[in-house]
Amino acid sequence: MDEVPAGERLGDRLTVKTRAYDVLRAAATAAIVAGGGRASGLGSPAQRPAREGLFPVVRGRTADLRSARLRALRG
């Protein structure tokens, strides 16, 4: 996708970003689950990747991206 001009293949770009966010969310969830409740504490190494993994989900950059995320979550 890097070699595609910015205004082209927007649907494909949204699909790739949505899938990447799904991987980030799954990895963040796995880190917290593997560490138990303590993993979400500020002293845990798992808490930072968990927050970083959730940030793009919470802070969708465009309305199109947020809509694509919501569609993906609905299945």
Side-chain angles (χ1 to χ4, degrees):
M1 297 304 299
D2 289 341
E3 63 277 353
V4 177
E8 296 180 14
R9 298 182 65 189
L10 296 178
D12 291 338
R13 289 174 189 267
L14 287 175
T15 298
V16 168
K17 285 182 180 184
T18 298
R19 288 182 182 162
Y21 291 160
D22 288 341
V23 170
L24 282 170
R25 184 179 43 80
T29 301
I32 295 299
V33 169
R38 293 183 309 269
S40 61
L42 291 178
S44 169
Q47 58 83 24
R48 183 172 177 178
R51 286 187 289 121
E52 290 172 352
L54 291 174
F55 181 78
V57 173
V58 173
R59 180 89 174 136
R61 292 194 171 105
T62 66
D64 289 340
L65 185 53
R66 288 190 301 272
S67 294
R69 286 290 307 131
L70 288 172
R71 282 192 304 276
L73 290 170
R74 278 183 261 168

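- The two residues Glu8 and Arg13 make their nearest non-hydrogen contact at O-NE, 3.0 Å.
- Every residue meeting the side-chain hydrogen bond (donor to acceptor under 3.5 Å, both in side chains) condition with Arg48, not counting sequence neighbours, appears here in chain and number order: Glu52.
- In terms of the side chain to side chain contact (heavy atoms under 4.5 Å, CB included) criterion, residue partners of Arg19 (sequence neighbours excluded) are, by chain and number, Thr15.
- The shortest distance between side-chain heavy atoms of Leu10 and Asp64 does not fall below 4.5 Å.
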